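Reading through the structure tokens given below for one structure.
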Amino acid sequence: MEIVRIIVLALAGLLGGVFGGMGMGGGTILIPLLTIFGGVPQHAAQAVNLVSFVPMAAGAIILHIRNKLIRFKGALYIIIPAALSSAGASLLAGLTEADVLKRAFGGFMILLALYSFWSEFFSQKARKAKLPAHDAPTV
Amino acid sequence: MNGIAKKIILLACGLVIGFINGFFGGGGGLITVPVLERVAGLKTKSAHATAILIILPITVASAVIYIIAGKFDFGYGLPAGLGVIAGGVLGAAALSKLSNKLIRVAFAAIMLAAGIKLLFF
């Protein structure tokens with residue numbers, strides 16, 4: 001039984017990792033896979049995602065720097081406020097009841113899915129009509 | 001949009017991205033990519049790469065708090081984490097071989113199904 005559970009957890013990680021490796025937000029999929037199929041509590045699933053993201057991201061960043069894909073300029077304008085609000089929100093998550101957190105996460109996923117469908121099927125023309133994006137950030 | 005307005009928008013987006021990533025333990029990257037494309041004017045590939053640079057320090061901050069609060073469990077973390085690393089390599093290798101649109105639609109469909117399950121059941 002324990003072995004089955006370990007395999008399910010590893011498979012959930014594998015699937016989340018595949019999406020993550022493709023740069024599509026693997027964590028957003030990993031968390032529900034862990035809670036729905038692995039029976040992992042919501043807070044623990046979120047913690048697993050955060051911790052497992054770190055080595056993956058570090059490796060990916062090295063690769064992307066080599067490929068000159070990362071634009072450092074302006075990134076701090078997002079990083080500094082985000083680090084502060086992220087710390088506060090993590091404390092808040094710790095105080096939030098698991099069932100409330102799980103349902104809020106479900107609502108967040110539905111919004112993300114609807115946004116994805118919209119940008120795939122309805123925003124193409126709007127995107128094409130726009131001026132081509134330039135590579136360098138302006139801040 | 002002038003430089004100052006853009007900086008203010010990026011700061012505000014940072015607050016939202018950080019809150020979501022910390023509260024839900026992920027998902028900040030999905031919001032960072034369109035912000036970088038639309039506000040900072042990055043191309044899609046650069047936006048994806050730069051989003052990881054932005055999310056990493058935020059995730060470290062959140063992960064430390066989750067660990068201190070006793071929410072991280074090695075019993076779950078070790079098998080899932082090893083799976084994530086193996087999957088990450090596979091995903092990165094498969095990226096150039098599969099249709100991006102098909103993957104994105106499949107991904108959105110999985111998110112929708114999981115979201116409905118979590119919210120209502």
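What you are looking at is a predicted structure, and each value in this text was computed from that prediction instead of being measured. Within every chain, numbering begins at 1; the chains are lettered A, B, ... in the order of the sequence lines, protein sequences first and strands thereafter.
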Between [options], the one whose heavy-atom pairs under 4.5 Å with chain B are most numerous:
| options | result |
| --- | --- |
| A/Ala113, A/Ser90, A/Ala47 | A/Ser90 |
| A/Gly106, A/Gly38, A/Ala89, A/Ala93 | A/Ala89 |
| A/Leu114, A/Leu101, A/Thr35 | A/Leu101 |
| A/Ile61, A/Ile65, A/Asn67, A/Thr28 | A/Ile61 |
| A/Leu112, A/Val8, A/Leu15 | A/Leu112 |
| A/His43, A/Gln46, A/His64 | A/Gln46 |

Should [X] and [Y] be counted in the same cluster of Ile, Leu, Val, Met, Phe, Trp and Tyr side chains packed under 4.5 Å apart?
| X | Y | value |
| --- | --- | --- |
| A/Ile110 | A/Trp118 | yes |
| B/Tyr66 | A/Val54 | no |
| A/Ile80 | B/Val60 | yes |
| B/Leu42 | B/Leu56 | yes |
| A/Leu76 | A/Leu84 | no |

Under 3.5 Å, which donor-acceptor pairs link side chains of residues 105-113 of chain B to any protein atom two or more places apart or in another chain?
none

Can you find a heavy atom in the side chain of [X] that is under 4.5 Å from one in the side chain of [Y]?
| X | Y | result |
| --- | --- | --- |
| A/Val48 | B/Phe72 | yes |
| B/Leu90 | A/Leu14 | yes |
| A/Tyr115 | B/Leu30 | no |
| B/Phe19 | A/Ser86 | no |
| A/Pro32 | B/Leu118 | yes |
| A/Ile78 | B/Leu36 | yes |
| B/Asn21 | A/Leu50 | yes |
| A/Glu120 | B/Lys101 | yes |

Where does [X] contact chain B at under 4.5 Å (heavy atoms): side chain, backbone, both or neither?
| X | result |
| --- | --- |
| A/Ala104 | both |
| A/Leu92 | both |
| A/Phe19 | side chain |
| A/Leu30 | side chain |
| A/Ala60 | side chain |
| A/Leu34 | side chain |

Selection residues 100-112 of chain A - residue pairs positive for side-chain hydrogen bond (donor to acceptor under 3.5 Å, both in side chains), sequence neighbours left out: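 For residues 100-112 of chain A, and leaving out neighbouring residues, the side-chain hydrogen bond (donor to acceptor under 3.5 Å, both in side chains) pairs sorted by first residue read A/Asp99-A/Arg103.
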I'd like to verify something: which residue of [options] has the highest number of heavy-atom pairs under 4.5 Å with chain A?
| options | result |
| --- | --- |
| B/Gly26, B/Ala80, B/Ala61 | B/Ala80 |
| B/Val89, B/Leu53, B/Asp73 | B/Leu53 |
| B/Ile31, B/Ile52, B/Leu82 | B/Ile52 |
| B/Ala114, B/Ala63, B/Ser62 | B/Ser62 |
| B/Ile55, B/Ile68, B/Ile8 | B/Ile55 |

Measure the spacing between [atom1] of [X] and [atom2] of [Y] and express it to the nearest 0.5 Å.
| X | Y | atom1 | atom2 | answer |
| --- | --- | --- | --- | --- |
| A/Ile79 | B/Leu11 | CD1 | CG | 12.0 Å |
| A/Phe72 | B/Thr50 | CZ | OG1 | 8.0 Å |
| A/Ser85 | B/Ile58 | OG | CD1 | 7.5 Å |
| A/Leu111 | B/Leu119 | CG | CG | 9.5 Å |

Where on [X] is there a heavy atom nearer than 4.5 Å to chain A: the side chain, the backbone, both, or neither?
| X | result |
| --- | --- |
| B/Val35 | side chain |
| B/Phe121 | backbone |
| B/Ile20 | side chain |
| B/Phe23 | both |
| B/Ile67 | side chain |
| B/Ala69 | neither |

Within 6.0 Å of CG in A/Leu95, more than 12 heavy atoms from elsewhere: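 More than 12 within 6.0 Å, yes.
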Short question: side chain of B/Lys7, backbone of A/Tyr77 - any donor-acceptor pair under 3.5 Å?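 Flag not set: sc B/Lys7 to bb A/Tyr77 has no pair under 3.5 Å.
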Is it the case that the side chain of B/Ser46 and the backbone of A/Leu69 share a donor-acceptor pair, with hydrogens and angles ignored and the cut-off at 3.5 Å?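 The answer is yes, because a donor-acceptor pair under 3.5 Å joins these two groups.
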For [X] and [Y], work out which heavy atoms get closest and say how close.
| X | Y | result |
| --- | --- | --- |
| A/Met56 | B/Ile85 | SD-CA, 4.1 Å |
| A/Pro81 | B/Leu15 | O-CD2, 3.7 Å |
| B/Val84 | A/Ser52 | CG2-OG, 3.9 Å |

May I have the step-by-step check of side chain to side chain contact (heavy atoms under 4.5 Å, CB included) for A/Leu9 and B/Tyr76, ending in yes or no? CA-CA 7 Å; A/Leu9 292 173; B/Tyr76 301 129; 4.0 Å; yes
